[in-house]
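Worksheet: one structure, shown below.
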Amino acid sequence: QVQVEESGGDKVQAGGSLKLSCVISGLRFAGYAMAWFRQAPGKEREAVSCIGSDINSVYYEASVKGRFTISRDNTKNTLYLQMDNLAPEDTAMYYCAVPTPIVVQPSSCSYGGVATWGQGTQVTVSS
């Protein structure tokens, strides 16, 4: 049974930084590509960053490119999202997930469904 637990969300001022963590258990973590999603009020959930199982393939949505950094520690079954220079439009609930299937390229992240979502972690950025 896959379990997902996100943490690290907080309230910060514009220009600040946060590092989100996500522990995923119940699968062979190192063998899977995975992604960070976010959902703002009234908007659809969107993938903001994806990382391949080999860590060499990463994707960033245009609005976060250059500000967010995705990484993973396979020894800790943990996915990270370092978020710098945060802006009010980054305010959202952030989720990590293991979509199936998922193809990660620098220019795109194509993915199917997600069987298990965590509870998410709230990021609020004030101006």
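Given the structure is predicted, the values throughout are model-derived calculations rather than measurements.
Nearest heavy atom pair, residue Gly9 against residue Thr121, reads N-OG1, 2.8 Å. Taking each heavy atom of Leu79 and Phe29 in turn, the nearest pair found is N-CZ, 3.9 Å. Residues Arg67 and Asp90 come closest through the heavy atom pair NH1-OD2, 2.7 Å. Of all heavy-atom pairs between Leu81 and Ser49, the closest is CD1-CB, 4.2 Å. When all heavy atoms of Pro99 and Gly112 are compared, the pair lying nearest together is CB-O, 4.2 Å. The two atoms that bring Tyr60 and Thr69 nearest to each other are OH-CA, 3.3 Å, heavy atoms only.
Remark: side-chain polar atoms of Glu46 are not paired, donor with acceptor, to backbone N or O of Gln39 under 3.5 angstrom. Under a 3.5 Å cut-off, the side chain of Glu61 and the backbone N or O of Val48 do not form any donor-acceptor pair. Side-chain atoms of Thr91 come within 3.5 Å of backbone atoms of Val125 as a donor-acceptor pair (strictly under, hydrogens ignored). Looking only at distances, no side-chain donor or acceptor of Ser108 sits under 3.5 Å from a matching main-chain atom of Gln105.
The side-chain heavy atoms of Met34 and Ile102, taken from C-beta on, include no pair separated by under 4.5 Å. Side-chain contact check for Leu86 versus Leu18: some heavy-atom pair is nearer than 4.5 Å. For the pair Val98 and Val114, the minimum side-chain heavy-atom distance is 4.5 Å or more. The shortest distance between side-chain heavy atoms of Leu20 and Met83 falls below 4.5 Å. Annotation: side chain of Pro106 is not in contact with side chain of Val58 (no heavy-atom distance under 4.5 Å). You'll find the side chain of Ile24 reaches within 4.5 Å of the side chain of Val2, heavy atoms only.
There is no path of hydrophobic side-chain contacts, each under 4.5 Å, that joins Val23 to Val123. Connection of Val103 to Trp36 is not established within any shared hydrophobic cluster, with ILVMFWY side chains joined at heavy-atom distances below 4.5 Å, either directly or through further cluster members. Under the 4.5 Å side-chain heavy-atom criterion for grouping Ile, Leu, Val, Met, Phe, Trp and Tyr, Ile55 is not connected to Val104 through any hydrophobic cluster.
Thr100 is linked by a side-chain contact (heavy atoms from CB on, under 4.5 Å) to nothing, counting only residues two or more places apart in sequence or in another chain. Evaluation of the ring pair (Phe, Tyr, Trp, His ring centres under 6.0 Å) rule for Tyr111 yields Phe37 as partners, not counting sequence neighbours.
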inquiry  = Walk me through whether Phe68 and Asn85 qualify under side chain to side chain contact (heavy atoms under 4.5 Å, CB included).
reply    = CA-CA 9 Å; Phe68 289 13; Asn85 194 21; over 6 Å; no
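A distance of 12.5 Å separates SG of Cys96 from CD1 of Ile51, quoted to the nearest 0.5 Å. For the atom pair CD of Gln122 and CZ of Arg38, the computed distance is 12.0 Å after rounding to the nearest 0.5 Å.
Figure legend: Arg72 and Tyr80 shown without cation-pi pairing, the cationic atom not lying both under 6.0 angstrom from the six-membered ring centre and within 45 degrees of its axis. Note that Arg45 lies in the cation-pi zone of Tyr95, set by a 6.0 Å cut-off to the ring centre and a 45° limit from the axis.
One side chain, Ser17 or Asp84, offers a donor N or O that lies under 3.5 Å from an acceptor on the other.
Atom CD of Glu5 has 12 or fewer neighbouring heavy atoms from other residues, nucleotides or ligands inside a 6.0 Å radius.
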